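Read the structure below first, then the notes.
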Amino acid sequence: MRYNKAFIPTLREVPSEAQAISHQLMLRAGLVRQLSAGVYSFLPLGWRAMQKVMHIVRQEMDAIGGQEFYFPALNPIEIWHQTGRVESMGEVLFHIKNREGLVLAPTHEEVVAFHARQHVKSYKDLPQIWYQIQIKFRNEPRPRFGVLRGRQFTMKDSYSLDDSWEGLDSSYEKHNYAYQRIFSRCGLHFFVVGASSGAMGGSASQEFMVESPAGEDTCAVCASCNYAANIEVARSATEPTARLPESQYLERFPTPGVHTINDLVYGHGIPEERCAKALLYIVDRGPVLILLRGNDELNEAKLQAALGTISVRPAAPEELRAYTGATAGSIGPIGLPVSLPVIADERLRDANELVSGANADGYHYRHIDLMRDCRIDMYADLRTVQEHEPCPQCRSPLRIVRAIEVGHIFKLGTKYSEALGATFLDEHGQERPIVMGSYGIGIERIVAAFIEQNHDERGICWIPSIAPLQVHLIALGLEQSKAVHDAAEQLYQELWTNGVETLYDDRSETAGVKFNDADLIGLPLQLIVSPRNVESGVVEIKERRSGKRHHVASAEVVPVVQRLLKYLSQEPQSVIFP
RNA sequence: CGGGGCGUAGCGCAGCCUGGGUUAGCGCGCCUGGUUUGGGACCAGGAGGUCGUGGGUUCAAAUCCCACCGCCCCGACCA
């Protein structure tokens, strides 16, 4: 690729709309351009990087027995109605306006189940792993961070079809294995977290996360022992509120002006761990009283999981008054005007000598004994884990980090096969629904996440496996020196002849411009051909990431380049949590 | 959808508020010629603008008013 004729519009300045580093660098290095919010064109260099990633994905998917398909993005809405996802996806699903009955597919469970229904009839047809690399359309309410959250993006999605839950376990493990290899080969430092199954239905689910400030997920990770979990399910080894030997008489006392736990702690000298914070939530239209210890923060995802519904929201002030007779900060489990279901955090299990609101503004109760004075309908893990809390496995301090979800593996079960009637006959002639799994990888996200993790102040630092090209050949003083011109041209030919993908900067730019563009684009190796190098019969090789330089005799260049590329390709130590 | 910000040349911005009238300006980039050539060179000349769109006020609008559109950020949402 000759730079002079290539379309590589590098930018010296940072476009103002780009916040995330990957977004800035993808624009500056000429990898992508925005077309509209959440919609990006991939330019030649960006597309080459994408193709490198897809190549790795294909190799690893094929290695676990995956068969590549190419499903349509245009889907009949009918199959989406059958699984109830027209409603559940809501605004996220793009509808075609001038053609009734078509939608743009945000994922392909329905299509897979449709074809499985057509042709998978016997247990002898199973198992299957079907995958594709295809464009997905999701009407994201808020696209952001460049290609990290777009309205259209490229996904490798695969679907396993099995005749049993044991078979699903095996397909799931194969994907787990393939994903570890894919992300490692793409040079990502990643970790795996257990995830909540959310609205997809199904049982087990794991997310492959790349730590980055541009991430949209929050995770708790332990540096010592490999514990990692999405904040939605993360736990920590915090102390429970100890049950004291004696419960004193329940007592209502005045607390004028007290609205927060800190008011109780600092204004009334009540230890924080003896405070029971009460929240009122509306769950599936009914009110539920929630008790947390002290300043613990409710995690709504955990609440959803505990109650088995996604419909939860904090009560409005009017609702609070109607159900408790008090305003926020003065509610509690004792003295409710009407009986409400009460769900308390595990940390408060069977605790006593607690202080909580009296359901009357300006009053609290003390000496509350949850076993004696209230009916707790359920204890559950409801609190949000905080930074520095002890790891549940090894008690080292947890870190709370932002992370990019680059992959997700999912045990779906039979939800989609049942909805679409995708059944098979087992060895006893019994008709049963196919057991499905679904597995996604965001291709653009791999590229962006890699850049988030592999850049310096000058630009991107690619590794050979996903670099757009391997070598950046820089010729200096091209127009002054025929020797340089001839040497560079010859080297360029030689490199490509030997299969080394080379970008040849044959522009008549100054050295500084060429060096800066080369560092910005960040191909793993830079070869510098200049008058002084040519004169001494050498070519200078610079490793982009480390900055190490080698002066190599012209005849040795290609083999040395090949050796260096091989060396730089050694899989980095990835953080893998099985 | 709620809150905030922005929209002026390819990119980054000033001008607007706080005097409505300027040839609408600066840096980078681009074109021509020349000098340069190891870390974003220099000189000279030049091209490039529906000031987001529509309406209103006014003798006169980039500037004031209204509406709309687009983009960005925070939040809500996110298999």
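The shown structure was predicted, so the numbers you read here are calculated from the model rather than taken from an experiment. Every chain is numbered from 1 and lettered A, B, ... according to where its sequence line falls, protein lines coming before strand lines.
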- Item | Residue pair A/Asn75 / A/Glu110, side-chain donor-acceptor N/O under 3.5 Å | no
- Task: Looking at every strand, decide which applies to A/Glu17 at a 4.0 Å heavy-atom threshold: base, sugar-phosphate, or nothing.
- Result: sugar-phosphate
- Take atom CZ of A/Phe145 and atom P of B/C77, then tell me their distance rounded to the nearest Å. 17 Å
- Length of the line joining A/Glu140:CD and B/C1:C1', which is rounded to integer Å: 15 Å
- Message: Can you tell me whether the side chain of A/Arg144 and the base of B/C73 have a donor-acceptor pair closer than 3.5 Å?
- Response: no
- Write down the distance between CD (A/Gln24) and P (B/C72), rounded to a whole number of angstrom. 14 Å
- Message: Measure CD/A/Gln19 against P/B/G75 and give the value in whole Å, please.
- Response: 12 Å
- Message: So A/Val92, base contact, sugar-phosphate only, or nothing? Heavy-atom distance under 4.0 Å.
- Response: nothing
- Item | Ring geometry between A/Tyr439 and A/His175 (parallel below 30°, tilted from 30 to 60°, perpendicular above 60°) | parallel
- Look through every strand shown and name the nucleotide pairing with B/A60 as Watson-Crick or G-U wobble, where both distances are under 3.5 Å. none
- Query: What string of B, S and - do you get for nucleotides 38-49 of chain B, 5' to 3', if B is base contact, S is sugar-phosphate-only contact and - is no contact with any protein heavy atom under 4.0 Å?
  - Reply: BBBB--------
- Side-chain donor-acceptor pair present, A/Ser546, A/Glu543, cut-off under 3.5 Å: yes
- Query: From B/A76, B/C72, B/C30, pick the nucleotide closest to the side chain of A/Glu509?
  - Reply: B/C30
- Message: What is the separation between atom CD on A/Glu91 and atom P on B/G2, rounded to the nearest whole Å?
- Response: 13 Å
- Query: What's the spacing between A/Leu45 CG and A/Met50 CE if we round to 0.5 Å?
  - Reply: 13.5 Å
- Which part of the nucleic acid does A/Ser36 contact within heavy-atom distance under 4.0 Å: base, sugar-phosphate only, or nothing? sugar-phosphate
